[in-house]
Structures are given as C-alpha cells and as structure tokens.
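The structure under discussion appears below in the form of structure tokens.
Order of appearance sets the numbers: ligands from 1, and atoms from 1 within every ligand.
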Amino acid sequence: MSGIFGVVSKGDCVETLFYGTDYHSHLGTEYGGMAVLGENFTRQIHNISHTQFKSKFFEDCKRMEGNKGIGVISAFDEQPIYLNSRFGPFCLVTAGLIENIEELMSRLFKKGISFTEVAKGLVNVTELIAKLIVEGDNLIDGIEKMSEVIDGSCSLLLLNKDGIYAARDRLGYTPLVVGKRKDAWAIASETSVFPNLEFEVVKYLGPGEIVLINEDGMVQRRPSRDANQICAFLWIYAGFPASNYEGINVEIVREKCGRYMARRDKDIEVDIVSGIPDSGTAHALGYAMESGKPFRRPLVKYSVGYGRSYTPPSQKTRDLIARMKLISIKEIIDDKRIVVCEDSIVRGTQLKNFTVNKLWDCGAKEIHIRPSCPPLMFPCRFCLSTRSINELAARKAIRSLEGHDIEDVSEYIDHNSEKYKRMVEWIRNDLGATTLKYQYLEDMVTAIGLPKEKLCIYCWTGEYPKPKVVAEDKEADSSVAKMKG
Ligand code: SF4
C-alpha cells in the first residue's frame, strides 16, 4: 500500500525525515524516496527491492538540507514526483491503489497533457495524481477533485513553500496521523514512527480531511467526511504492531483475535500454541493467553535479512523468501499437537509448503491451522497489491467443488452454511492440516472495536460503498494501448 511520512521543523529536518520514512519500510518493497525543501528542492529516489532503505539513503542525507520534507516507501512506483505547476513547484508522495489508471490517462492525453515517468507499462501513478491535482482551481480544490475521479484510494503529502499539505483518501481506507514535538510537526501513515522520534499523536485525519502543517503549526483546510471505510486488514496483517489506527492498537487487536479463536475452539486438545511470524505471533499470544496453553516458537524467522513475503510483486520472490525465512526447531515440534495461528490464508501454497510440511517433517503429531480472519474471497481494490481472484485459496476450493467459477459466492461466505463447511474442509485437505478453522467475521470486527460500517471488509464480503466516479471519458484511447504493448 506504501507508507508516507512528512516533517516540518524549526531546524534541519533531514535526520527526522530519514528515520521517519525508514520506519514505514514494512509497507512497501519497491522504491524509497525523500524530498526536502530548503532554499531549493532536493530529491532522491532509489530502488530498495534488494536492499534496505537505510543503506541506500544514508549517504544522500549528507547532501540534503532543509526544514521541511516528505518521504515514501513505495509498493509500486518511483516517488516523490516533482512538478513545476501553475501553482508553483511542489513534490508529491502518495499511498493507495487506483483501478482506473488507463481511463484517467486517456482523459489527460486528450487534453494534451503528457507524462514523463513510466511504471509497469503505464504512467507513474503519483505523476498521474499530480497532474490531476493541477487541474483544480487551486491545490486544495485539485486534491478534492482528484479524489472524486479516482476509483480506489489515494492519501498524499504535497510539499511546497507553504509547508506540507496532507490529505487522507476520501473514504479513509489508508490512515494518516499528525504528530507534534516541541520543535517540529510530522505526519505519518504509521503512529509507530512517533515514540522514538519523540512525537506525540495530535490528530488522526478523518476521511477526505486535508490539513496543512508548517512552521506555524497545523491548520485544517478541509474537514473530515462522515463516511469511513478504513481497511480492516491493517489490524489483521499489514500494519505494524506498535501502530494505532483511529486510536486502536494493532497488537492488542491481534491478541483479541487470538482470544476469540481460542474461545470457539473447545473441541481440540493441544500441547503448544504457535504463530507464523511476524503478524501471526500476536494472534497466537492471544490464543495462548485465552486457552492457557503455552506459546512456543516451533518456526523462527530469520529476521536479519527477510522481510514480509507478501508484498514483493513477483510470486517467485515471494516463494523464495517464504521458503528461506522460517527455520524449524525439531525439539519443540516433535510429537506435539500444535495450534498454528496465521493472519490470513491468501493462496495457501506457502502455508502448505513452508509451514505445514515443515512441521510434519519435524514430527508434529497434529497441526491445527487458525487464520485470524475469514476466507479471503475478493482481491483488494483499494490499497493492497493482493493476488488475483483466481489464486485465492477459497476460490480454488469453490471452483473445485462447483466444477467451475461462480459469481455469487454468498453461501460460501456464510459460516453457518453447508457450502462454507465444505469449502473449509477442501482447503484443510489441500493444506494437509489436522483441522482448519477460520475466524468469524463478527469476531474479527468485535476485536477491532469499530462499528462494521466504518470498516472496509470487501476482501471477505465483496461489499463496498459505490465510488462516485465522474470520469469524463470511459474509453481508453489507442495511445494507452500502445504504451501497454
Ligand atoms: S479490500 Fe481488504 S485489503 Fe483492501 S482496503 Fe478493504 S479490507 Fe483492506
């Protein structure tokens, strides 16, 4: 989904910007970038797919100077974008996911607008956003109009001589939070950035809210909208444990998820409770606390060199990381009945090949898989680069049970239905586990603690508020097709 960070301080901001951006490294694997405004803009972008942000940018910091800056860990394209516009020069970073890129490109091409950056055969999404913004009557108007025409979500930080404009996406899928310390203001995707940099949380931006932070403090430029659909998956999987969204801590939610699963698990006897690191660990701790069974670590992550295995865009890379990063401890596994808590099951192949099989190979007596969310039925269309629908384990099960793909999967979503039970049994059998029991949707929502209507739960139900897309031209023109080819 990408993570974004910005800071305005009384003195030089580069060191704070460097660490603040680096603390978003779990949210993207492709590009890192920083832009600073002192007398002029200075900007650095590096590919971080094979190295850490810190090592790539350490030397750059010595050449950057200024009291305000923005940074990004990008899951998709090169950022920050610099644009010298009719509103003056600015730099921009974005976080989110846009589905109608081709339609928007086509519209801008027809207006005679060109793009300089290319990403994955299309335009750089952040450049596209920048060019949509400058269509407005002013920057604020442009941000609002941009958010009306995109299909998906986009939170952003825009750096110019005024300071940093921070805008959270229209329905609040992705978070943004403002922090303050005595000599600086900051804005971040993750609150976990703040404690070590000595900031305190001042404000969680609401959906569609726009604020400006600068040397004088923070001013609201557009109020928050009522509708809120923050991504529930942030708490389950994507977010950092020390982060809070809407004031609700990730680690605590995961522990509660584990507790709810343990409460519904009165029919199995186990020896140890474990979790697949990193996010499965907190779910397992909750399960262990509720069940009274010991938490152990039969699979340990070699965390020195391996990040998450989900976000790298290539499946080959994800599989390689998944195979290498978890190392089994036979002495803990041998002859044990083990509960394995996991955040979710996406395709299921990594869980089968690199967890279940490793545990059997080390002599496990029983393996009980407990994902902390219901079966994933739909790929994300708002903020995460999730798999295609056909790859999802639940869809594979349905295809096998029905003999073909079906559109209406409502019966498979209802955990009381026979079809749901048959689907779960198919997945269990495919994984080779002793039992498989998914978290119920209502337990997951209760664990998060927000009303269901304030959460995005599209991954599990396919339900979402209708986007207000007001595109002028729905047909991609031939220039788009040529670029893709
Ligand atoms: S579809 Fe899923 S991953 Fe995407 S915003 Fe909604 S809950 Fe989050």
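At a threshold of 4.0 Å, the pair Glu144-Arg222 counts as salt-bridged, since one of the basic side-chain nitrogens sits closer than that to a carboxylate oxygen. Between Lys454 and Glu246 there is no salt bridge, since no side-chain N of the basic residue sits under 4.0 Å from a carboxylate O of the acidic one.
Taking 4.5 Å as the limit, every side-chain heavy atom of Ile164 sits out of range of all side-chain heavy atoms of Trp185.
None of the N, O or S atoms belonging to Cys380 lies under 2.8 Å away from atom 2 (Fe) of ligand 1. Here Cys456 meets the criterion, with an N, O or S atom under 2.8 Å of atom 6 (Fe) of ligand 1. Inclusion of Cys231 in the first shell of atom 4 (Fe) of ligand 1 is not supported: no N, O or S atom falls under 2.8 Å.
The ring-ring contact (aromatic ring centres under 6.0 Å, His included) search around Phe354 returns none, not counting sequence neighbours.
Using a 4.0 Å cut-off to heavy atoms of Tyr458, the atoms of ligand 1 that qualify are 1 (S). Within ligand 1, the atoms closer than 4.0 Å to a non-hydrogen atom of Phe233 are 3 (S), 8 (Fe), numbered from 1 in the order shown. Counting the atoms of ligand 1 from 1 in the order shown, those under 4.0 Å from a heavy atom of Cys459 are 1 (S), 2 (Fe), 3 (S), 7 (S).
Side chains of Asn390 and Ser388: no donor on one and acceptor on the other come within 3.5 Å.
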